[in-house]
Q: 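The structure is given below, and queries will be raised subsequently.
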There are 2 protein chains.
Amino acid sequence: MTTRARMADVARTAGVSTATVSRALSDPTRVDPATRDRIMDAVTSTGYRANAAARSLRVRRAGAILVLAPNLANPFFNRIVVAVTQVADAHGLAVQLADSRAAPERLATLARDGRADGIVLLDASLDPAVVRGWPLPVVQACEWNAAYAAPGLAIDNHAAMGLVVDHLGGLGHRRILHVAGPEGNVLASARTEGFVAACAARAVQGSLEAGDFTMESGARAARAWAARPDRPTAVSCASDECAIGFIGECWGMGLAVPRDVSVAGFDDIEVSARLAPPLTTIHQPRARLGAAAAERLIAMIGGADHAPEWDVMPAHLVARGSTAAPPAS
Amino acid sequence: MTTRARMADVARTAGVSTATVSRALSDPTRVDPATRDRIMDAVTSTGYRANAAARSLRVRRAGAILVLAPNLANPFFNRIVVAVTQVADAHGLAVQLADSRAAPERLATLARDGRADGIVLLDASLDPAVVRGWPLPVVQACEWNAAYAAPGLAIDNHAAMGLVVDHLGGLGHRRILHVAGPEGNVLASARTEGFVAACAARAVQGSLEAGDFTMESGARAARAWAARPDRPTAVSCASDECAIGFIGECWGMGLAVPRDVSVAGFDDIEVSARLAPPLTTIHQPRARLGAAAAERLIAMIGGADHAPEWDVMPAHLVARGSTAAPPAS
DNA sequence: CTGAAAGCGCTTACAG
DNA sequence: CTGAAAGCGCTTACAG
């Protein structure tokens with residue numbers, strides 16, 4: 001616990017004013033080379049770093065971005081947060097992390113206490129009036145809520161479900177179950193609607209089971225599915241975690257994937273490619289989405305316009321071992 | 001992008017000085033009830049939140065803690081970060097997140113720019129001189145480096161390997177492979193040493209394969225294992241991710257777990273209980289470790305002593321379907 | 001119970 | 001190229 005050097009200490013050591021130290025640090029070309037060298041030596045010998053609070057009070061900028069996500073324990077958000085952190089780091093910005101499901105009071109503080117210059121928002125279920133009231137630029141990623149009036153990026157979730165139904169239908173499945181995401185979630189809705197539309201267009205018999213993206217909900221869905229007299233031969237889960245829960249529960253019931261049932265996920269989280277069998281799923285380029293969202297946000301903080309356009313990237317299905325032709329029956 | 005209200009705005013609206021507003025906000029009992037009500041009304045109508053930079057410049061406290069972790073993409077760190085966030089939130093502190101493998105220059109800034117009042121450090125492979133030089137309290141979690149002279153918490157990694165070897169030996173395995181963690185990592189060393197010691201004590205034939213906790217290294221180890229003429233009948237992986245990679249690669253080679261080989265992991269990440277088969281592993285109470293580390297750090301920030309004691313919690317094995325008796329051969 | 005004033009550690013016009 | 005001075009928005013002794 002050494003005590004921290006202030007700019008005044010550096011100035012005294014180098015025999016200059018704090019103004020000159022400040023200039024030497026922010027734009028070295030504006031000070032005499034000899035002076036600059038003395039200052040840099042003083043910085044090194046004192047271990048000086050500018051106090052972020054003083055600096056941001058003065059320049060009215062936090063030098064940080066806030067990542068707001070629901071359920072940070074969800075591995076899906078991992079890579080996104082990592083990507084945001086890397087981009088922020090490259091721009092010399094700090095990253096603050098908070099739970100989007102915090103109390104309204106807390107959210108108001110997060111948006112207004114000046115700790116962050118912008119927000120990467122990974123939750124589309126907040127009150128739009130609240131989000132619009134934030135005095136900071138906001139970029140959404142993965143989940144989109146038009147009422148936020150904020151730009152964002154995501155893959156085409158609706159179209160993705162067409163790929164899933166095509167894939168399963170192509171393998172010969174005529175009865176497909178979709179285990180949905182939580183009600184009120186825009187991603188979940190887009191996927192459910194995409195599924196229903198795709199089934200209708202392809203004359204596949206689709207059915208729905210409630211879920212909420214979690215492994216637990218996948219396990220529950222598996223029990224409900226197994227109890228049906230007319231078991232669908234293939235299952236599309238709204239998330240990889242849900243699919244993992246479904247497959248795990250099948251294993252517990254003595255059923256094997258894809259021998260007894262084909263299962264597809266959504267997200268392509270890290271572990272999916274390594275499962276036994278590997279999981280067929282829709283790839284979400286999470287690192288790319290996170291990095292792009294961070295870049296966009298930083299541009300907005302720098303003055304770029306806030307037009308609430310939405311960048312939709314094409315979806316992409318990764319076929320793996322968890323899906324195969326239906327049992328002969 | 002509404003413009004933010006300052007304390008002076010609230011004071012003017014309520015017809016008092018900023019000093020009184022400040023008092024009403026920090027300790028409502030110190031101002032007259034009628035005055036207080038006027039102030040609170042003004043706060044509500046203006047949407048005022050104290051500027052964190054100004055406040056922390058004045059009180060010389062950031063009101064935030066920094067979580068420093070290597071490889072944030074690793075699901076192992078997830079729950080820990082969530083727990084830290086929850087505890088911090090309960091104490092009104094913000095959470096800053098950064099990668100412990102950042103450049104030395106960046107680490108120096110993180111520790112000295114005054115953005116954080118303390119650090120939860122999840123990486124034991126940093127230069128001890130660097131860590132000791134930080135002007136902030138530090139608490140370690142999971143990984144411990146005595147040279148940091150900072151307190152911390154973890155489970156007994158050495159003893160845990162005794163439980164693994166006991167479990168596998170009890171099932172009848174006499175040849176066991178340990179896929180180690182990365183060289184130089186204290187956790188990896190403790191586990192490897194624990195494994196070797198346990199094998200010696202129990203007359204089990206132990207062997208080692210290099211790894212680095214990742215799924216990819218587990219897959220590599222599986223190929224090396226499969227190529228051996230004297231395949232061990234059971235495998236202990238230094239992390240769950242490694243075990244998942246091992247099992248996935250076995251599946252690719254047409255081998256089944258636990259029919260052809262028993263596999264145990266280490267960590268008990270969320271997904272492990274849902275795998276098919278579920279993974280036998282050592283449970284790490286990550287949420288508890290993270291919360292306890294945060295509580296400890298906050299106490300230290302508040303003035304509690306920094307004695308570098310290490311809290312070691314007993315390890316606990318969770319037996320699941322990925323381990324069974326060896327093949328009859 | 002309340003206010004005037006100082007000061008936390010920076011940056012930035014403004015002079016020179 | 002450099003310095004003196006003001007001010008960012010708070011909190012906290014110090015008076016009253």
Side-chain angles (χ1 to χ4, degrees), chain A residues 3-40 42-43 46-64 92 94 109 111-117 135, chain B residues 3-40 42-43 46-64 92 94 109 111-117 135:
Chain A
T3 166
R4 264 171 278 195
R6 294 153 304 138
M7 186 176 273
D9 301 322
V10 175
R12 196 176 328 106
T13 305
V16 296
S17 71
T18 58
T20 302
V21 174
S22 180
R23 284 186 206 105
L25 259 28
S26 65
D27 180 6
T29 65
R30 290 200 306 164
V31 310
D32 184 86
T35 311
R36 186 205 311 152
D37 291 347
R38 285 209 318 283
I39 291 171
M40 292 314 182
V43 167
T46 57
Y48 172 75
R49 302 288 143 154
N51 178 294
R55 162 169 246 286
S56 59
L57 176 59
R58 179 59 229 237
V59 304
R60 298 153 142 284
R61 270 218 188 179
T109 300
R112 292 165 191 288
D113 69 1
R115 274 184 206 278
D117 300 316
Chain B
T3 166
R4 262 171 279 196
R6 294 153 305 138
M7 188 175 273
D9 301 322
V10 174
R12 196 177 327 104
T13 305
V16 295
S17 71
T18 58
T20 302
V21 174
S22 181
R23 283 186 207 105
L25 259 28
S26 66
D27 180 6
T29 65
R30 288 200 306 165
V31 308
D32 184 86
T35 311
R36 188 204 309 153
D37 290 347
R38 285 210 316 284
I39 292 172
M40 291 316 182
V43 167
T46 57
Y48 172 74
R49 304 287 144 156
N51 179 294
R55 163 169 245 286
S56 61
L57 175 59
R58 177 59 226 237
V59 304
R60 297 153 144 283
R61 270 217 187 179
T109 299
R112 293 165 192 289
D113 69 2
R115 274 186 207 276
D117 300 315

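The sequence lines fix the lettering, A, B, ..., with proteins before strands; numbering per chain opens at 1.
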Q: Can you check the A:Leu25 CG to C:dT11 P distance for me, whole Å?
A: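 My rounded result for the distance is 7 Å.
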Q: May I ask you to verify if any side-chain N or O of A:Ser17 is less than 4.0 angstrom from the OP1 or OP2 atom of D:dA4?
A: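 Looking at the OP1 and OP2 atoms of D:dA4, neither is under 4.0 Å from any side-chain N or O of A:Ser17.
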Q: Considering non-hydrogen atoms only, spot the tightest contact between B:Arg38 and B:Val16 and give its length.
A: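 Closest approach of B:Arg38 to B:Val16, heavy atoms only: NH2-CG1, 3.6 Å.
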Q: Locate the shortest heavy-atom distance separating A:Arg4 from A:Asp9; write the atom from each residue and the value.
A: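 Shortest heavy-atom separation between A:Arg4 and A:Asp9 comes out as O-OD2, 4.4 Å.
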Q: What nucleotide among D:dC10, C:dC1, C:dT11 has an atom nearest to a side-chain atom of A:Thr18?
A: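 When the side chain of A:Thr18 is considered, C:dT11 is the closest of D:dC10, C:dC1, C:dT11.
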Q: Between C:dG9, D:dC10, C:dT2, which nucleotide gets closest to the side-chain atoms of A:Leu57?
A: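 When the side chain of A:Leu57 is considered, C:dG9 is the closest of C:dG9, D:dC10, C:dT2.
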Q: Where do B:Thr18 and B:Met7 come nearest, in terms of heavy atoms and distance?
A: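 In terms of heavy atoms, the two residues are closest at O-SD, 3.6 Å.
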Q: Please check the phosphate of D:dT2 (OP1 and OP2 only) for any side-chain N or O of A:Thr35 closer than 4.0 Å.
A: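 Indeed, a polar side-chain atom of A:Thr35 lies that close.
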Q: Starting from P on C:dG3, measure out to CZ on B:Arg12 and report it in whole angstrom.
A: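 The answer, rounded to whole Å, is 14 Å.
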Q: Between C:dC10, C:dC14, D:dA13, which nucleotide gets closest to the side-chain atoms of B:Arg23?
A: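 Nearest nucleotide to the side chain: D:dA13.
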Q: Counting only side-chain nitrogens and oxygens, does A:Thr20 get under 4.0 Å of the OP1 or OP2 atom of D:dT2?
A: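 Looking at the OP1 and OP2 atoms of D:dT2, neither is under 4.0 Å from any side-chain N or O of A:Thr20.
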Q: Can you see which heavy atom on A:Ser17 is nearest to which on A:Ala11, and at what distance?
A: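 Nearest pair, atom of A:Ser17 first, then A:Ala11: C-CB, 3.8 Å.
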Q: Using side-chain heavy atoms (C-beta onward) and a distance below 4.5 Å, is B:Leu25 in contact with B:Met40?
A: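 Yes, their side chains come closer than 4.5 Å.
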Q: C:dG3 P sits how many Å from B:Arg30 CZ, rounded?
A: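 Rounded to whole Å, this separation is 13 Å.
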Q: Do A:Arg4 and C:dG9 share a donor-acceptor pair, side chain to base, under 3.5 Å?
A: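 Result: no qualifying N/O pair found.
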Q: Which pair of heavy atoms, one from B:Ile39 and one from B:Ala24, lies closest together, and at what distance?
A: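 Answer, listing the atom of B:Ile39 first, then B:Ala24: CD1-CB, 3.7 Å.
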Q: Rounded to the nearest Å, what distance is computed from the CG atom of residue B:Asp9 to the P atom of nucleotide D:dC8?
A: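 Nearest whole value for this atom pair: 12 Å.
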Q: For the residue pair B:Gly114 and B:Ala62, what are the closest heavy atoms and their distance?
A: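 Reported closest heavy-atom pair: O-CB, 3.2 Å.
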Q: For the side chain of B:Asp113 and the backbone of A:Ala50, is there at least one donor-acceptor N/O pair under 3.5 Å apart?
A: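 Checked: no pair found.
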Q: CE of A:Met7 versus P of C:dT12: gap in Å, rounded?
A: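 About 10 Å, once rounded to whole Å.
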Q: Taking 4.0 Å as the cut-off, does a side-chain nitrogen or oxygen of B:Arg60 come that near to OP1 or OP2 on C:dG9?
A: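 Checking C:dG9 against B:Arg60, a side-chain N or O does come within under 4.0 Å of OP1 or OP2.
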Q: Mind calculating the distance between CZ (A:Arg61) and P (C:dC10) to the nearest angstrom?
A: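 After rounding, the reported distance stands at 19 Å.
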Q: Can you tell me which stems DNA chain D forms when a stem means 3 or more consecutive Watson-Crick or G-U pairs under 3.5 Å?
A: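 Stem list for DNA chain D: C:1-3 with D:14-16, C:5-12 with D:5-12, C:14-16 with D:1-3.
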Q: Measuring to OP1 and OP2 of C:dT11, would you say a side-chain N or O of A:Arg55 lies under 4.0 angstrom away?
A: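 For C:dT11, OP1/OP2 do have a side-chain N/O of A:Arg55 under 4.0 Å.
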Q: May I have the distance from B:Asp37 (atom CG) to C:dC1 (atom P), rounded to whole angstrom?
A: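 Checked: the CG to P distance equals 14 Å.
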Q: Suppose we call a contact any N or O donor and acceptor under 3.5 Å apart; does that hold for the side chain of A:Arg58 and the base of D:dG9?
A: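 No, the side chain and the base share no sub-3.5 Å donor-acceptor pair.
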Q: What is the distance from CG of B:Asp27 to C1' of D:dT12, rounded to the nearest Å?
A: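 So the CG-C1' distance, B:Asp27 to D:dT12, works out to 13 Å.
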